[in-house]
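See structure below.
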Amino acid sequence: MDAGLAAVLGALAGSVATIGAAMATGWSAREQSKMAARSEHLRQRRDARQAVYEEFIDATQAHAELTKILLAPVPEVLADLQRMRILPQGMDLAAVIRESKSLSENLSKVSTRVQLAGPKEVSTAAALVDDKASDVYVSLSLMPLPSYPGMPSLAEQWRKGAMRYVEFSEARDDFFERARIALDKDGTKT
C-alpha cells in the first residue's frame, strides 16, 4: 500500500469516527433533553395532583369532623342529642344535617377533580370516599323523620349511621394511602 492511499484511508477512518462521535453526542443530548422534559412534566403533574389531593383531604376532614357525632353514645330520643352534648356547640340536628349536606356536596365536587387527576387507583378510592360520605349524610338526614310502624328506632338508625361513618373513615384512610403512593412515584417504574 502506498503512502497516499494510507493517508486517504486514515483520513476516511478519522472522518467516520468523528461523524460517529457527533451522532452519538447528538443522540445522547436528544435523549437527555427528552428525559429532562419528561421529568419536568411528571413534576408538574405531581404538583397538580398534590394540590387537588390536599383539597380533597381537607373536604373529607371537614365532613368527618362534623359527622363524627355518629360515634357518640346511642341516643334513645332526639332530645338526648342536646342533653348528651353530642351536637356541635350552637347547632341543632337540623343545622348539622344542612352542614353535612353542604360538606358532602363540596366533597363530591372535589372528588370529581381527583378522579380526573388520577391515577386510576386514587380515582377509585376518591369515588368510594364520596359514596361513603353520601351514605353518612343520608343516615343523618333520616334521623328526624317521624316514626311509623316498621321503621327502625332512632337507636337502630344511629347504629347504622355509626357503621356508615366507620366505612367512610376506612375509605378515607385508604384514599390517603393511595394518594401518598401516587405522589411518591417518580416515573422510573411502570
*Of all residues at least two apart in sequence or in a different chain, which pass the side chain to side chain contact (heavy atoms under 4.5 Å, CB included) check with Ala95?*
Met91, Asp92, Arg98
Is it true that a side-chain atom of [X] and a backbone atom of [Y] form a donor plus acceptor pair closer than 3.5 Å?
X      : Y      : value
Ser100 : Val96  : no
Thr60  : Ile57  : yes
Ser104 : Lys101 : no

Can I get a per-line list of side-chain donor-acceptor pairs under 3.5 Å for residues 108-118, giving both atom names and the distance, sequence neighbours left out?
unit_1 : atom_1 : unit_2 : atom_2 : d
Ser108 : OG     : Asp130 : OD1    : 2.7
Ser108 : OG     : Asp130 : OD2    : 2.9
Ser111 : OG     : Gln115 : NE2    : 2.8
Ser111 : OG     : Ala126 : O      : 3.4
Thr112 : OG1    : Ser108 : O      : 3.2
Arg113 : NH1    : Glu55  : OE1    : 2.7
Arg113 : NH1    : Glu55  : OE2    : 3.1
Arg113 : NH2    : Glu55  : OE1    : 3.1
Gln115 : NE2    : Ser111 : O      : 3.4

*Mind running side chain to side chain contact (heavy atoms under 4.5 Å, CB included) on Ile86 and Trp158 for me, showing each step along the way?*
CA-CA 12 Å; Ile86 293 172; Trp158 196 269; 4.0 Å; yes
Nearest heavy atoms of [X] and [Y], plus distance in Å:
X      : Y      : answer
Ala162 : Leu71  : O-CD2, 4.3 Å
His63  : Leu107 : CB-CD1, 4.3 Å
Phe168 : Val136 : CB-CG2, 3.9 Å

From [atom1] ([X]) to [atom2] ([Y]), nearest 0.5 Å:
X      : Y      : atom1 : atom2 : answer
Asp80  : Arg85  : CG    : CZ    : 13.5 Å
Gln157 : Ser139 : CD    : OG    : 8.5 Å
Ser169 : Lys132 : OG    : NZ    : 12.0 Å
Leu140 : Asp135 : CG    : CG    : 11.5 Å

Just list the side-chain donor-acceptor pairs under 3.5 Å for residues 174-181, sequence neighbours left out, or say none.
unit_1 : atom_1 : unit_2 : atom_2 : d
Asp174 : OD1    : Arg178 : NE     : 3.2
Asp174 : OD2    : Arg178 : NE     : 2.9
Glu177 : OE1    : Arg180 : NE     : 3.4
Glu177 : OE2    : Arg180 : NH2    : 2.5
Arg180 : NH1    : Asp184 : OD2    : 2.9

*Verdict with reasoning, Met143 to Leu70, per side chain to side chain contact (heavy atoms under 4.5 Å, CB included)*: CA-CA 11 Å; Met143 299 283 174; Leu70 289 168; 3.9 Å; yes
_Contact check, side chains of Tyr165 and Ile69, non-hydrogen atoms, under 4.5 Å_ =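 Tyr165 does not reach Ile69 side chain to side chain.
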_Linked, directly or transitively: Leu103 and Leu93 (ILVMFWY side chains, under 4.5 Å)_ = yes
*Treating Ile, Leu, Val, Met, Phe, Trp and Tyr as nodes and any side-chain heavy-atom pair under 4.5 angstrom as an edge, say whether Met163 and Leu154 lie in one connected cluster.*
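Met163 does not cluster with Leu154.
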_Regarding Glu99 and Ser102, do their side chains bring together a donor and an acceptor under 3.5 Å, going by distance alone?_
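Checked: Glu99/Ser102 side chains show no N/O donor-acceptor pair below 3.5 Å.
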*Verify the distance criterion only: is there a donor paired with an acceptor across the side chains of Glu65 and Gln61 at less than 3.5 Å?*
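Not at all, the side chains of Glu65 and Gln61 share no donor-acceptor pair under 3.5 Å.
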*Pair Ile97-Tyr137, side chain to side chain contact (heavy atoms under 4.5 Å, CB included): steps then yes or no*: CA-CA 7 Å; Ile97 292 169; Tyr137 160 68; 4.0 Å; yes
